[in-house]
Amino acid sequence: MEQGWENTGHALVREFVFSDFAGAMAFVNRVAQLAEERNHHPDIQIRWNKVTLSLSTHTSGGLTEKDFTLAQAIDNL
């Protein structure tokens, strides 16, 4: 499992904290670009300077290699 991600059994979840809302939104936009390129989209929750991502392959009913690959790509941002 990718470092910093929690495996809930059905999803990989991680919270990212930024100095402000603008930083959080910039990160979300970079994640969105990755998701579009891979046609694999995380659930995203934004709370001011905190972004929580949840990765799961809904069509498969849980985790697949797509989720682990996207987690690694996000970690490399």
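Asn39 pairs by the side-chain hydrogen bond (donor to acceptor under 3.5 Å, both in side chains) definition with nothing, not counting sequence neighbours. With sequence neighbours left out, the side-chain hydrogen bond (donor to acceptor under 3.5 Å, both in side chains) criterion links Gln33 to Glu37. For Val13, the side-chain contact (heavy atoms from CB on, under 4.5 Å) test picks out Thr8, Ala11, Thr52, Ser54, with sequence neighbours left out.
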Counting only pairs under 3.5 Å, give me each side-chain donor-acceptor contact of residues 61-68, with atom names and distances, residues two or more places apart or in other chains.
unit_1	atom_1	unit_2	atom_2	d
Thr64	OG1	Thr57	OG1	2.6
Thr64	OG1	Lys66	N	3.3
Asp67	OD1	His40	NE2	2.6
Asp67	OD1	Ser56	N	3.1
Asp67	OD1	Thr57	N	3.4
Asp67	OD1	Thr57	OG1	3.4
Asp67	OD2	Thr57	N	3.3
Asp67	OD2	Thr57	OG1	2.8
Asp67	OD2	Thr64	N	2.8

Under 3.5 Å, which donor-acceptor pairs link side chains of residues 16-30 to any protein atom two or more places apart or in another chain?
unit_1	atom_1	unit_2	atom_2	d
Asp20	OD1	Ala22	N	3.4
Asp20	OD1	Gly23	N	2.8
Asn29	ND2	Met25	O	3.3

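From Leu70, atom CG reaches atom CG of Leu53 across 8.0 Å, with rounding to the nearest 0.5 Å. Gln72 CD to Leu12 CG: the interatomic distance, rounded to the nearest 0.5 Å, is 11.5 Å.
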**OP:** Output, in order, the C-alpha distance, side-chain angles, deciding distance and verdict of side-chain contact (heavy atoms from CB on, under 4.5 Å) for Arg14 and Asp75.
**Re:** CA-CA 10 Å; Arg14 184 171 177 186; Asp75 286 344; 2.6 Å; yes
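Sorted by first and then second residue, the salt bridge (Lys or Arg N to Asp or Glu O under 4.0 Å) pairs with a member in residues 45-61 form an empty list; sequence neighbours excluded.
Heavy-atom contacts from other residues, nucleotides or ligands closer than 6.0 Å to NE2 of His41 number more than 12.
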